Engineer: 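My questions all concern the structure below.
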Amino acid sequence: MQYEAIIGLETHVQVKTASKMFCGCATDFGAPPNTQVCPVCLGYPGSLPVMNEEAVRKTILAGLMLGCDIARLCKWDRKNYFYPDMPKNYQISQYDMPLCRGGGVDIKLKDSREVRIGLTRIHLEEDVAKNSHFETTSGVDFNRAGLPLMEVVSEPEIKSPDEAFAYLTALKEILVSGGVSDCDMEKGQLRCDCNVSVRPVGQKEFGAKIEIKNMNTISGVRRALAYEIPRQIVALEKGEKISQETRRWDDAPGVTSVMRTKEYAHDYRYFPEPDLMPVVVSDAMLAQIRELLPELPEAKRQRFMQQYGLPEYDAGVLVTDAALAAYYEQAVRWSKNPKSISNWVTTELLGKLAEAKLTIAECPIAPPQLAELVTLIDGGQISGKIGKDVFAEMFTTGKSPSAIVKDKSLAQVSDTAAIEAFVDEAIAKNPKSVMDFKAGNQAAINFLKGQVMKLSKGKVNPQMAGEILLRKLRGS
Amino acid sequence: MTLHTQTIHELRAQLRRSKVSAREVTQALLDRIAALDRKLKAYIWLNRDDALAQAEAIDRTGAAKDGKPLAGVPIAIKDLINVEGQPCTCASKILQGYVAPYDAFVIRQLREAGAVLLGRTNMDEFAMGSSTENSSWGVTRNPWDLERIPGGSSGGSAAAVAADEAIAAIGTDTGGSIRQPAALCGCVGLKPTYGRVSRYGLVAFASSLDQIGPFTKDVEDCAILLGVLAGHDVKDSTSVAQAVPDYTRALGKSVKGLRVGIPKEYFIAGTDREVAAAVRGAIQKLQSLGAEIVELSLPHTEYAVAVYYLIATAEASANLARFDGVRYGLRVAGDDPIEMYRRTRGAGFGPEVKRRIILGTYALSAGYYDAYYLKAQKARTLIRRDFEKAFEKCDVIVTPTSPTAAFKAGEKMDDPLQMYLSDVFTLSVNLAGICGISIPCGFTTRPKLPIGLQIMGKPFGEEMILRVAHAYEQATEWHLQRPNL
């Protein structure tokens, strides 16, 4: 019998704001435990939540980018359950009136077909704290408690681990490009619960739903699903009955295991949060957010290919990060060679940034300076090889390329007399290679050319050096 | 001159003219408390040294002369409002050891106005009760008869003001917790319109019903103190951005031509005969002062008790979930978190609090939500509409505050329903979100116990109820009577 998998994903994304969802505490990652807390996010008696409007605006922005219907009126609800990471033992969330409904994420399948994975809803809530377990005690770090968290719920329309991977990658790309979230998975800014069931092809009813909780890498989701789907199929083929349960993914052995069965399902006793007023999304607010609507990554990729004549690969790399794409476009404005700028950005610049652990926003080279470097190379003022040294110098000092070239006398030698002197020296020092060339070994000229470059410390114009060398060898 | 018997407005005049010092006033109150409170038990924690230091600072800076409205006036605070550095137990064992790390909004307002924070008054645990018997720290007595209860839940605040152990006090009112004890102790108590006073720093019982308000010896003091407490606060999203008027300007105006509504549902069998007679007498008095009496109906009144006990307990079941032993207060260790919660909450909460958490949890549970919580919310809307319609026909509504005068300690402790019914006349004001005041309007004969008159007003109609209350008070002498202690 043929089986098919049905996958729905619930993705929790930390919305990028300066302060928490319901209080003024900072959201910086990595602060010492319990240093970004106050009576509100610690759930102290008498404290009250105040809604962070920026988080609401960014969630609406996400909804607009994903083609959702934006609610004009929504409200907050209390989701009740006891756990030590919950300061109030209820979470402020949105139950039946979320900010966004509908919409979807476009993904490209292996056979290049494009499909849209529908979204059920996007709602906003507060994150919980982080529990740590030590030898004999446990600790709770409330720095994370109260961070704004967006939950993006997909329709059960994903059919394979690869599709799940593509969906999450595309979703992440969109949210990052809009500045909604950094989606930094190492910082737990994107976490995912997978709902997966299998059924015989042709059957209408869904199979029993298995939930795999709290995945924190996109590739982990793919691996977990690639394990879980065949596990369920094998079980069904053996005649076993699959019943609804929650499982966890252990990455090291690469298996899922049972966390809890349905008997332990919670009754969250949702009810409207009396401490907060309903949210009214006005026409003016919506219009204001629409102004912020960035170009979607896919549209930008197409535009980069057309406008700048870039290959698909280059365009793809550049648009993954809105800031990187913006950097590229600024540099291009100062240059006549978009492809060369792309080469420098996607290889040298990204490499250096990664090495120095810097973001593109912290890049010491300003876009016009990079453009200037390309112009120097294209104009023959410096060689491509020297260009790399200049680039490295620019990255460490922040100086302009022309200043570096001048200070270090790196300008390419294009003066015929000077080059002739280097050529003469190379010929004089390497009589054997000269003999070889004359005996018909064409490759020997490359060795001699290398010697010229070496003697000149790489500064002579290589093309001119080649021409002069050839002329001299033939003439003499 | 006895300082402790003075009102805010009397003391203020003397402090401004330097006839007395703030320190003398505070010391007089502390002496009064030392002499009386052993039998009254209005206070559960006294801020003795710090109160004197606050008073000395007032004297030093001349704050009274700067016109600060409460400069040097000692005020008692219900043990449910956070004051930085002080305990805030809500009369519950579960908050034993908790020291508040911040000031509530109203405490900042009081400090700004120059008030001296005397100490913390007793109450029913988490404000759940009508007699102050549900306190973990002992029962407060009614100053008029020590065998009787002072009402609740703000019984400590009411008793302290009635017994001259405070010049004024702060309480909270979720279903009558200011007005009912004010009536039973013979002082003035006002529940402001929902949103008029910030709830920031008030430990929540039922968030959509709770309001902070004043206890005072007369209506003028009530207007002064309300003016200090009221105001918009960005930290409370339900507080309303509406300018605070000078409430004292509402005083001294005639009630001539004002329409006083009398709802028939509040004059029913079950109300004590003497209470009913006193309230009818008060209505006649208002009529003789020129008010027009309008008979009217609030047809959904009979649902108020049921609606209240569903909504208030549902909200409380979530509000009280945070008391789990993880971050503050009592912790009874267990082998796992669930065991720790069970033991901590089992040991920390009293029986009435547990009863209400169970009731509220049930009302919100899957399968029961629609029948209980949702239906209660709909009925609440109907009750609110009753008042909207009634206020088209009248300026204020007058009723008894409580169906009986103070009852004996222990009398209703075995019968929660009887206890709940003692709030039958006050609950609707909270459900509708409107304002209400209780003022003295007579006494029972044997024993002599105070009777309260409730005056309800439109949303943000505090000036109107203060005006009517003041006119009645000035035409009577009930508020001048003092218990024999």
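Atom set for the values below is all heavy atoms of this structure, side chains included, hydrogens, waters and symmetry mates excluded. This structure is a prediction, so every number in the text was calculated from the model and none was measured. Naming convention: chains lettered A, B, ... in sequence-line order (proteins, then strands); numbering from 1 in each chain.
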Engineer: If the test is side-chain contact (heavy atoms from CB on, under 4.5 Å), which one of A/I242, A/I6, A/I210 qualifies with A/S197?
Structural biologist: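 Result: among A/I242, A/I6, A/I210, A/I6 is the only option passing the side-chain contact (heavy atoms from CB on, under 4.5 Å) with A/S197.
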Engineer: Take B/R120 and B/D79 through the test salt bridge (charged side-chain N to carboxylate O under 4.0 Å, His left out) and record every step on the way to the result.
Structural biologist: CA-CA 5 Å; B/R120 308 188 64 81; B/D79 192 35; 2.6 Å; yes
Engineer: Can you tell me which of A/V50, A/L276, A/D275 forms the most heavy-atom pairs within a distance under 4.5 Å of chain B?
Structural biologist: A/D275
Engineer: Please classify the contact between B/N82 and chain A as side chain, backbone, both or neither, with a heavy-atom cut-off of under 4.5 Å.
Structural biologist: side chain
Engineer: Let me know which of A/K88, A/R144, A/Q91 forms a side chain to side chain donor-acceptor pair (under 3.5 Å) with A/E126.
Structural biologist: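 For A/E126, the side chain to side chain donor-acceptor pair (under 3.5 Å) check succeeds only for A/K88.
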Engineer: Which of the residues B/G201, B/A204, B/G329, B/S317 is involved in the greatest number of heavy-atom pairs with chain A at under 4.5 angstrom?
Structural biologist: B/G201
Engineer: Return yes if a side-chain donor-acceptor contact under 3.5 Å exists between A/Y90 and B/R322, otherwise no.
Structural biologist: yes
Engineer: At a 4.5 Å cut-off on heavy atoms, which part of B/T361 comes close to chain A: side chain, backbone, both, or neither?
Structural biologist: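 It is both, since atoms from each part get that close.
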Engineer: Side chains of B/E125 and B/S92: any donor to acceptor distance under 3.5 Å?
Structural biologist: yes
Engineer: Out of B/R327, B/K235, B/Q377, return the one with the most heavy atom pairs under 4.5 angstrom to chain A.
Structural biologist: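 Option with the greatest count: B/R327.
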Engineer: Chain A: which of B/S365, B/P101, B/C88, B/A321 shares the most heavy-atom pairs with it under 4.5 Å?
Structural biologist: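 Among B/S365, B/P101, B/C88, B/A321, the one with the most close pairs to chain A is B/A321.
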Engineer: Between the side chains of A/K209 and A/E211, is the shortest nitrogen-to-carboxylate-oxygen separation below 4.0 Å, so that they form an ion pair?
Structural biologist: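 No, this pair does not count.
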Engineer: Check whether B/A363 gets within reach of chain A through its side chain, its backbone, both or neither, counting any heavy atom under 4.5 Å.
Structural biologist: neither
Engineer: Look at A/R101 together with A/D69 and state whether they make a salt bridge at an N to O cut-off of under 4.0 Å.
Structural biologist: no
Engineer: Of the backbone (N, CA, C, O) and the side chain (C-beta and beyond), which part of A/Y268 lies under 4.5 Å from a heavy atom of chain B, both, or neither?
Structural biologist: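 Contact with chain B involves no heavy atom of A/Y268 at all.
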Engineer: Under 4.5 Å, heavy atom to heavy atom, which residues of residues 72-83 of chain A contact chain B?
Structural biologist: A/R78, A/N80, A/F82, A/Y83
Engineer: Do B/S198 and B/D233 have side-chain atoms, one donor and one acceptor, less than 3.5 Å apart?
Structural biologist: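 B/S198 vs B/D233: donor-acceptor pair found between side chains.
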Engineer: At what distance, to the nearest 0.5 angstrom, does CZ of B/R111 lie from CD1 of B/I75?
Structural biologist: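 Going from CZ on B/R111 over to CD1 on B/I75, the span is 13.0 Å.
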Engineer: Is it the side chain or the backbone of B/A366 that comes within 4.5 Å of chain A heavy atoms, both, or neither?
Structural biologist: both
Engineer: Apply side chain to side chain donor-acceptor pair (under 3.5 Å) to A/R191 and list each qualifying residue two or more places apart in sequence or on a separate chain.
Structural biologist: A/D127
Engineer: State whether the number of non-hydrogen atoms from other residues, nucleotides or ligands found under 6.0 Å of B/Y372 atom OH is greater than 12.
Structural biologist: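 Counting neighbours around OH of B/Y372, 12 or fewer heavy atoms of other residues, nucleotides or ligands fall under 6.0 Å, so no.
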Engineer: With a 3.5 Å cut-off and no angle check, do the side chains of A/D85 and A/N131 form a donor-acceptor pair?
Structural biologist: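 Checked: A/D85/A/N131 side chains show no N/O donor-acceptor pair below 3.5 Å.
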Engineer: May I have the list of side-chain donor-acceptor pairs in residues 335-348 of chain B shorter than 3.5 Å, sequence neighbours left out?
Structural biologist:
from	atom 1	to	atom 2	distance (Å)
B/D336	OD1	B/I338	N	3.0
B/D336	OD1	B/E339	N	2.8
B/E339	OE2	B/R343	NE	3.1
B/E339	OE2	B/R343	NH2	3.2
B/R343	NH1	B/A333	O	2.9
B/T344	OG1	B/V332	N	3.0
B/T344	OG1	B/V332	O	3.3
B/T344	OG1	B/M340	O	2.7
B/R345	NH1	B/L320	O	2.8
B/R345	NH1	B/F323	O	3.0

Engineer: Side chain, backbone, both or neither: which part of B/Y368 has a non-hydrogen atom closer than 4.5 Å to chain A?
Structural biologist: neither
Engineer: Given that the side chain runs from C-beta out, which part of A/F271 has a heavy atom under 4.5 Å from chain B: side chain, backbone, both or neither?
Structural biologist: both
Engineer: Please look at B/F105 and chain A and tell me whether the side chain, the backbone, both or neither of the residue comes under 4.5 angstrom of a heavy atom of that chain.
Structural biologist: neither
Engineer: Any chance you could measure B/Y328, atom OH, to B/Q96, atom CD, to the nearest 0.5 Å?
Structural biologist: 15.5 Å
Engineer: Any donor-acceptor pair under 3.5 Å linking the side-chain atoms of B/R380 with those of B/S208?
Structural biologist: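 Distance-only check passes for B/S208 and B/R380.
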Engineer: Spell out the residues in residues 9-40 of chain A that have some non-hydrogen atom less than 4.5 Å away from a non-hydrogen atom of chain B, in order of number; otherwise answer 'none'.
Structural biologist: A/P39, A/V40
Engineer: Does the side chain of B/V106 come within less than 4.5 Å of B/I81's, by heavy atoms?
Structural biologist: yes
Engineer: Could you look at B/L95 and say if it's the side chain, the backbone, both or neither that has a heavy atom under 4.5 Å from chain A?
Structural biologist: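 For B/L95, side-chain heavy atoms alone lie under 4.5 Å from chain A.
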